[in-house]
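Order of the sequence lines sets the chain letters (A, B, ...), proteins ahead of strands, with each chain counted from 1.
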Number of protein chains: 2
Amino acid sequence: MSSQPAYRTINIHQLKTVCSACSLKELCLPMGLSHDEIEHLDQLVYTRKRVKRGEALYRSGDPFNSLYAIRTGFFKSNVLLEDGRDQVTGFFMPGEIMGLDGIGQDRHSCNATALEDGEVCVIPFARLEELSREVRNLQHQFHKVMSREIVRDQGVMMLLGSMRAEERLAAFLLNLSQRFLARGYSPAEFHLRMTREEIGSYLGLKLETVSRLFSKFQEEHLVSVQQKHIRITDVEGLKRLLSQPAA
Amino acid sequence: MSSQPAYRTINIHQLKTVCSACSLKELCLPMGLSHDEIEHLDQLVYTRKRVKRGEALYRSGDPFNSLYAIRTGFFKSNVLLEDGRDQVTGFFMPGEIMGLDGIGQDRHSCNATALEDGEVCVIPFARLEELSREVRNLQHQFHKVMSREIVRDQGVMMLLGSMRAEERLAAFLLNLSQRFLARGYSPAEFHLRMTREEIGSYLGLKLETVSRLFSKFQEEHLVSVQQKHIRITDVEGLKRLLSQPAA
DNA sequence: ATACACGTTTGATCCACGTCAAGGCGCCGG
DNA sequence: CCGGCGCCTTGACGTGGATCAAACGTGTAT
């Protein structure tokens, strides 16, 4: 990757690299930008990085230089307490941006780990700021990305702070479903890339509880679960769970 | 720069209004900016807004136009579920910025309410974006503010997802204490502006649990509590609670 | 002053979820 | 094809915090 020749116009791989040619441009940072504006972005992302399953994209404490736009693969972010407790703070899929936590302190405040082999676009942050001083819509788009991350976090707080275990898992499945749909995958049938323990950590539950709930949902014909393969058979049923505070 | 009258020096109220003359400039948006840069900001904030205790600064669904920098008073933000459940997502004090949730969808996604009479600086967002295209450091500073909000939210997730009730309350008190300290108030003795119920909602606990924990902390000589007046008598003791997963 | 309303404290009881423990399934390497 | 190791499921039991209920301050309005 590193030794790209100068005559890049004839390099097919490079062509596929730029935002303007990326299939995720409707979901990712370029969302809502005009064709011309996206071409400005092509100067921004000149590095890709492959990450193998289990590898860290960055770790808490690492100096912050870049944001990462996921091209392929599935990632998680998590924070560790001194005593070893571990809280998963998010799951990320193609088109989503990781690393926003690093801007405020010039170092990352969480770990980002690949849940399967994947590839990310490296976005040098100084360059992004520079470019967004020139391209108004890019600036605005970037602000939207950050704001949506804040809103997403509010949703997780709602989940952790006021929902019961059942509701949390239902909300989680519906959220994944929607995000798969937005990416052109089936919203009804998908593969969970994370373990029960990671789901539990994210939802503030123990892995046994998550497992039991999957079994319960299956008995109630809301989903059909086979290990990591999930098939949602009754979306409305899941949604109904969310509006029913008590059992 | 454009429409400022030349004789602005004689307007006392105006003098107090501008960022360059604001006592909170070390904590608020102008943090880290040079004197000259802060003067640019003076064109940004031309409206203040008084908010009475219990009044909303904005509500979920309201169109988004401005951010709000708190000058005086104490605020909370909360989200409501259809079924009436209410999650407090944050408490805000002077120098902190509210409204960042609105950027992503052009409407606010939570409510912001005054816990006591207060005053905020209205920051028209379009103007902020414009100015931050011109003033590099302002741009960067604003990005830091947003990023820190994301990191703060991660902390709350950690709290809600992996801490026990005792630890949550201890973490909450220590957090308030630090923020009061940063504002020049006593970190050891302060007045809680929110009710037990609001604290509970924020921490994912019921008000009775919060009340019991205050009593427990008092018995253990960690704090002395009298209604809303709190005095932290053993900071180290509180910190110790945080690193002890089990009782 | 007085009184009401609201917020808080405290006790008794309950239950959702955690903990501990024992298999079971499926995948990978030998 | 076999054995081992993650990961998952399921059961039995324990407990932290919720719920229900009853007083008790305290600030605010009359």
Side-chain angles (χ1 to χ4, degrees), chain A residues 52-54 76 84-88 113 115-117 159-170 172 191-220 223-230 241 244-247, chain B residues 52-54 74 76 84-88 113 115-117 159-172 191-220 223-230 241 244-247:
Chain A
K52 289 233 175 81
R53 175 184 152 139
K76 71 168 178 182
R85 271 179 295 180
D86 180 344
Q87 172 73 29
V88 171
T113 313
L115 294 173
E116 59 186 13
D117 294 2
L159 197 116
L160 293 171
S162 17
M163 291 190 181
R164 295 159 349 93
E166 257 187 21
E167 302 176 274
R168 293 185 200 183
L169 189 62
F172 173 69
H191 183 79
L192 294 175
R193 272 76 171 189
M194 68 295 279
T195 66
R196 301 288 190 258
E197 185 166 18
E198 286 163 335
I199 297 173
S201 171
Y202 180 63
L203 299 178
L205 303 171
K206 291 290 149 179
L207 70 98
E208 295 94 328
T209 304
V210 173
S211 178
R212 270 184 254 271
L213 285 174
F214 272 132
S215 303
K216 181 155 179 270
F217 283 3
Q218 180 150 266
E219 279 166 31
E220 293 167 353
V223 300
S224 111
V225 189
Q226 202 156 11
Q227 300 288 122
K228 293 192 161 161
H229 184 87
I230 295 280
L241 274 185
Q244 291 183 327
Chain B
K52 288 233 175 79
R53 175 184 154 142
F74 219 89
K76 71 168 178 181
R85 271 178 295 181
D86 180 344
Q87 173 72 30
V88 172
T113 313
L115 293 173
E116 58 185 14
D117 294 2
L159 197 116
L160 292 171
S162 12
M163 291 189 181
R164 294 155 358 86
E166 257 187 23
E167 301 176 275
R168 294 185 200 183
L169 189 64
F172 172 70
H191 183 80
L192 294 174
R193 274 74 172 191
M194 68 296 279
T195 66
R196 303 287 190 257
E197 185 166 18
E198 286 163 336
I199 298 173
S201 171
Y202 180 64
L203 298 178
L205 302 171
K206 292 291 150 179
L207 70 98
E208 293 94 329
T209 305
V210 174
S211 178
R212 270 184 253 270
L213 286 173
F214 272 132
S215 304
K216 183 158 180 268
F217 283 3
Q218 181 151 265
E219 280 167 30
E220 293 166 353
V223 300
S224 110
V225 189
Q226 202 158 9
Q227 299 289 122
K228 294 193 159 158
H229 184 88
I230 295 282
L241 273 185
Q244 292 183 328

In whole angstrom, what separates [X]'s [atom1] from [N]'s [atom2]?
X: A:Glu198; N: D:dG6; atom1: CD; atom2: C1'; value: 12 Å
X: B:Arg196; N: C:dT10; atom1: CZ; atom2: P; value: 10 Å
X: B:Ile230; N: C:dT8; atom1: CD1; atom2: P; value: 11 Å
X: A:Glu197; N: D:dG6; atom1: CD; atom2: C1'; value: 11 Å
X: B:Leu169; N: D:dG17; atom1: CG; atom2: C1'; value: 14 Å
X: B:Leu203; N: D:dA18; atom1: CG; atom2: C1'; value: 15 Å
X: B:Ile199; N: C:dG7; atom1: CD1; atom2: C1'; value: 12 Å
X: B:Arg53; N: D:dA29; atom1: CZ; atom2: P; value: 10 Å

Open item on the list: Main chain of B:Val88, side chain of B:Ser201: is a donor-acceptor contact present, judged purely on distance under 3.5 Å?
Closed with: yes
How far does [atom1] of [X] sit from [atom2] of [Y], to the nearest 0.5 angstrom?
X: A:Thr195; Y: A:Lys228; atom1: OG1; atom2: NZ; value: 6.0 Å
X: B:Gln87; Y: A:Leu160; atom1: CD; atom2: CG; value: 8.5 Å
X: B:Tyr202; Y: B:Leu169; atom1: OH; atom2: CG; value: 12.0 Å

- [ ] For a side chain to side chain donor-acceptor pair (under 3.5 Å) with B:Glu116, tell me which candidate from B:Arg193, B:Arg53, B:His191 qualifies.
- [x] B:Arg193
Task: A:Leu241 versus A:Ala170, closest heavy-atom pair with distance - done: CD1-CB, 4.1 Å
Open item on the list: Using a 6.0 Å cut-off, check whether atom CD of A:Glu208 has over 12 heavy atoms from anything other than its own residue.
Closed with: yes
- [ ] Only counting residues at least two apart or in another chain, list the ones meeting salt bridge (charged side-chain N to carboxylate O under 4.0 Å, His left out) with B:Arg212.
- [x] none
Open item on the list: Check the phosphate of C:dT10 against B:Ser215, side-chain N and O only, distance under 4.0 Å to OP1 or OP2. Yes or no?
Closed with: yes
- [ ] Could you walk me through whether A:Phe172 and A:Val210 pass the side-chain contact (heavy atoms from CB on, under 4.5 Å) test, one step at a time?
- [x] CA-CA 11 Å; A:Phe172 173 69; A:Val210 173; over 6 Å; no
Open item on the list: Categorize A:Ser211 for me: base, sugar-phosphate, or nothing, with a 4.0 angstrom heavy-atom threshold over every strand shown.
Closed with: base
- [ ] Indicate for each nucleotide in nucleotides 14-28 of chain C, in 5' to 3' sequence, whether protein heavy atoms under 4.0 Å reach the base (B), only the sugar-phosphate (S), or nothing (-).
- [x] ---SSBB--------
TODO: Please report how far the helix from C:dA1-D:dT30 to C:dG30-D:dC1 bends, comparing the axis fitted to its first five pairs with the axis fitted to its last five, to the nearest 10 degrees.
DONE: 50°
